[in-house]
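Inspection log for the structure reproduced underneath, given as structure tokens.
No hydrogens, no waters, no symmetry mates; every other heavy atom, side chains included, goes into these values. None of the values given here were measured: they were computed from a predicted structure. Numbers restart at 1 for each chain; the letters A, B, ... are given by sequence-line order, proteins then strands.
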Amino acid sequence: MLDINLIRNDPEGVKTSLLKRMDSLDFTRLLECDRLRRNLLAESEKLKAERNRVSALIPRLRKEGSNIDTLLSDMKKTGDLIKEHDTTLESIEAEIHSFLESLPNIPAADVLPGGKENNKVVREWGVKPVFTFPPKDHMTLSKSLGLIDYERGAKLGGNGFWIYRGFGAVMEWALLNYFVEEHLKDGYEFILPPHILNYQCGYAAGQFPKFVDDVFHLKQDEGKGSGQFILPTAETALVNIYRDEIIEEANLPLKFFAYTPCYRKEAGSYRAEERGMIRGHQFNKVEMFQYTKPEDSENALEELVGKAESLVKGLGLHYRVSKLAAGDCSASMGKTCDIEVWIPSMNDYKEVSSASNGYEYQSRRGNIRFRRKDSKKNEYVHTLNASGLATSRLLPAIMEHFQHGDGSITIPEVLRKWTGKEILKP
RNA sequence: GGAGAAGUACCCAAGUCGGUCGAAGGGGACGGUUUGCUAAACCGUUAGUAGGGGCAACUCUAGCCGGGGUUCGAAUCCCCGCUUCUCCGCCA
């Protein structure tokens, strides 16, 4: 959600920035509604002041025995007029609100305009593995090693679900342990949130109403519940922990990480090349999250990217970091860096972490502020999130990177304390 | 799932028959005075917030869980939700 004052004071400036990620934009109606709203509000409030004044008078007049019949009927009329004003006001405000909430975040100044094609690789680490034998893809490997059961996963949940079996589950759990351990070391607070959230959570995160169809909703009895859904990422939960709260400045920054599976419909996004566990309806992810003061959020983003990178480095996987163009960032985010790991069989890089600065976009939607110690003023916090990391592309990457001609796989050293093995043989 | 109770400012809490109640009284916090010492007594301040109007001092409006309603007027009455607590039932 953007600040209407920003648009009111500098419509052209905001427009220029937003056009980096939008095709067209017109503020005329919004500004008109804004003027209309303020006029109507002034009118209605004047009437309310009058009503308050007279209502206070009535008991006194009654005690004195004055005739107040005409006064009462006048006030009845005033009341009706107020109601009338407020009804129009409500519809104008609804229009303003729905326009504002549909606007994406303003891209940071250093973010390039346009879509995916303008994403910029800012650095790479490691090298693509070279094989002296015909390498297998992760589906073949995971099947021959008995790590993942795709067929029975589909039997249980449908297409897009799989089962981690035996050592596959051990590997998955080892990855998660590795992440958890690193984040704890860095002083982040470990959160295990509910997986079912209410509508407001999706709204504050900026995912609703636009992407309301991309998540799984719970069917509720008539009038019961409040649009509960299963979370598509732990971010949705983490951003809402402090919804409608004012945080003391001294407590910032707040640094969290959470483990949850992520549940997504991913409707229509399946492609043959994304077989296996590259894209599914449910995947495991550890998510990092920070609430910061505005002046600290740029550095916090660097910190998050650095943390995500060091996790991939620790696994020894070749990756690159891309700064996304404005149009490729999710709507709530003003700046996003993706960490993409090399998947040999796909001959492509795939996202394993997305680190973003939401600036005050989410905190406005969720009404999350902090109180400055000196001025005692409340300001919106900045929110940042970054995967640290999503596992479903790492396991394929690990299998493919570290495979040998005989179908065995070397397990990255950082995971061995949990896997208890160095090499996995078919 | 069934029954009951409750939700008032940072916390606890009073609020009568609807009318100077935007809210008594505590505690805490902050400021001050005095006596003195790892404190005490006394005095004072302590809705915050959001949205309007005004250059400003200032002023208006809304806020007593949320949303509706009744009324000239609602913290107070009515309806619908949400949350918490207690008891019962069921259960990993």
Would you say [N] has OP1 or OP2 under 4.0 Å from some side-chain N or O of [X]?
X        : N      : value
A:Arg371 : B:rC10 : no
A:Arg37  : B:rG52 : yes
A:Asn52  : B:rU20 : no
A:Arg369 : B:rU49 : no
A:Arg38  : B:rG53 : yes

Subject >> Pairwise 5' ranking along RNA chain B for A:Asn378 and A:Arg53, keeping only the more 5' one >> reply: A:Asn378
**OP:** Would you please test A:Tyr199 and A:Phe208 for ring pair (Phe, Tyr, Trp, His ring centres under 6.0 Å) and show each step?
**Re:** CA-CA 8 Å; A:Tyr199 183 90; A:Phe208 297 169; 5.1 Å; yes
Subject >> Where protein sits on nucleotides 67-73 of chain B, one letter per nucleotide: B base, S sugar-phosphate only, - none, heavy atoms under 4.0 Å >> reply: ---S-BS
Original post:
Got a donor-acceptor pair under 3.5 Å from the side chain of A:Glu45 to the base of B:rG53?
Top reply: no
Subject >> salt bridge (charged side-chain N to carboxylate O under 4.0 Å, His left out) contacts touching residues 325-337 of chain A (sequence neighbours left out) >> reply: A:Asp110-A:Lys335, A:Lys116-A:Asp328, A:Glu298-A:Lys335
Subject >> Distance in angstrom units between A:Tyr380 OH and B:rU49 C1', rounded >> reply: 10 Å
Subject >> Residue A:Pro59, side-chain heavy atoms: nucleotide from B:rG51, B:rA50, B:rG19 that is nearest >> reply: B:rG19
**OP:** May I ask you to say whether A:Glu32 pairs ionically with A:Arg35, meaning some side-chain N is under 4.0 Å from a carboxylate O?
**Re:** no
Subject >> A:Lys255 NZ/CZ over A:Phe289 ring centroid, <6.0 Å and within 45° of normal >> reply: no
Subject >> Whole-angstrom distance between B:rC82 and B:rG67, as gauged at atom C1' >> reply: 10 Å
